[in-house]
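When a ligand or atom number is given, it counts from 1 through the structure's own listing order.
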Amino acid sequence: MTEKSSARILVLNGPNLNLLGTREPKTYGTTSLGDLEAMVKSHAATCSFSVDFRQTNNEGTLVDWIQEGGKGFAGIILNAAAYTHTSVAIHDAIAAIKTPVIEVHLSNIFKREPFRHHSYVSDVAAGVICGFGPVGYILAIDALESMLRHQS
Ligand code: CA2
């Protein structure tokens with residue numbers, strides 16, 4: 001029997017997001033990274049996506065994973081956390097792949113300190129979602145689903 005395989009999406013989380021739900025609840029809420037992963041996987045299943053959900057504190061690892069996302073993944077949801085505001089390497093890695101990248105931030109970075117207002121990701125991302133907490137990841141899945149449906 002042949003089964004249609006579901007599209008794979010890669011959800012990448014950058015530095016300190018492993019601390020979600022443990023500190024700074026006013027800024028980042030009370031949802032843990034594990035809770036977020038469960039929410040993302042459950043919603044993705046309704047769109048027939050399978051999800052590879054990862055977190056790292058290392059810039060080079062994020063670059064390696066973005067390159068990996070360029071092969072065999074239908075889309076990438078990326079919260080590069082603080083590297084958003086500093087990393088030319090992440091910008092270049094995204095520019096080098098064809099896989100669409102949706103940039104997500106839990107907080108509204110434009111309501112925060114000026115150094116968070118610039119992103120090295122936004123101009124190479126397919127779209128940007130910020131300020132909606134964990135729901136932003138769900139919106140990003142829906143955005144990818146819509147983009148991919150219109151492509152095919
Ligand atoms: O709002 C977002 O999602 C950010 O990407 C989060 C980054 C921040 O540097 C960006 O400007 C915006 C920081 C992630 C740190 O996460 C923590 C979570 C709980 C406690 C402490 C840090």
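The nearest heavy-atom contact from the protein to atom 1 (O) of ligand 1 is S107 OG, 2.5 Å. Closest to atom 21 (C) of ligand 1, if we only count protein heavy atoms, is E24 OE2, 3.6 Å. The protein atom (non-hydrogen) at minimum distance from atom 15 (C) of ligand 1 is N16 CB, 3.6 Å. Nearest non-hydrogen protein atom to atom 4 (C) of ligand 1 is H105 ND1, 3.7 Å. Considering only non-hydrogen protein atoms, atom 2 (C) of ligand 1 sits nearest to L106 N, 3.3 Å. Looking from atom 9 (O) of ligand 1 to the surrounding protein, the closest heavy atom is R116 NH1, 2.9 Å.
Remark: ligand 1 atoms within the under-4.0 Å shell around heavy atoms of H85 are 10 (C), 11 (O). Close contacts of ligand 1 with A82, meaning ligand atoms under 4.0 Å from a residue heavy atom, involve 9 (O). Those atoms of ligand 1 with a heavy atom of L17 less than 4.0 angstrom away are 14 (C), 16 (O). Close contacts between ligand 1 and R23 involve ligand atoms 19 (C), 20 (C) [criterion: under 4.0 Å to a heavy atom].
When each of I102, V40, V11 is paired with I141, the side-chain contact (heavy atoms from CB on, under 4.5 Å) condition holds for V40 and for no other.
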Handout entry: R54/E68 under salt bridge (charged side-chain N to carboxylate O under 4.0 Å, His left out): CA gap, chis, key distance, verdict
Key = CA-CA 12 Å; R54 305 179 190 176; E68 193 185 329; 2.9 Å; yes
Handout entry: side-chain hydrogen bond (donor to acceptor under 3.5 Å, both in side chains) between D35 and S32, worked out
Key = CA-CA 5 Å; D35 295 337; S32 70; 3.2 Å; yes
Problem - T27 vs R112, side chain to side chain contact (heavy atoms under 4.5 Å, CB included): CA-CA, chis, key distance, verdict - result: CA-CA 10 Å; T27 308; R112 300 184 65 193; 3.6 Å; yes
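Looking at T84 next to ligand 1, no N or O pair under 3.5 Å apart turns up. For R112, no nitrogen or oxygen atom sits less than 3.5 Å from a nitrogen or oxygen atom of ligand 1, counting backbone and side chain alike. The shortest N or O to N or O distance between P15 and ligand 1 is not below 3.5 Å.
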Could you go through residues 90-99 and list every donor-acceptor pair under 3.5 Å that involves a side-chain atom there, pairing it with any protein atom two or more places apart or in another chain?
from	atom 1	to	atom 2	distance (Å)
H91	ND1	Y120	O	2.9
H91	ND1	D123	OD1	3.3
T99	OG1	G69	O	2.9

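Between V104 and C130 the shortest side-chain heavy-atom distance does not fall below 4.5 Å. When side chains are defined from C-beta on, I66 counts as touching L12, because their heavy atoms get closer than 4.5 Å.
If you look at I109 next to ligand 1, the close heavy atoms, those under 4.0 Å, all belong to the side chain. Contacts between V104 and ligand 1 below 4.0 angstrom, taking non-hydrogen atoms only, are absent altogether.
Between the CG atom of L19 and the CD atom of E24 there is a distance of 8.5 Å, given to the nearest 0.5 Å.
Put simply, the side chain of D52 never gets that close to the backbone of L10: no donor and acceptor are under 3.5 Å apart.
Heavy-atom neighbours of F132 CZ from other residues, nucleotides or ligands within 6.0 Å: at or below the threshold of 12.
Here the shortest heavy-atom distance to atom 6 (C) of ligand 1, taken over F115, Y28, Y137, belongs to Y28.
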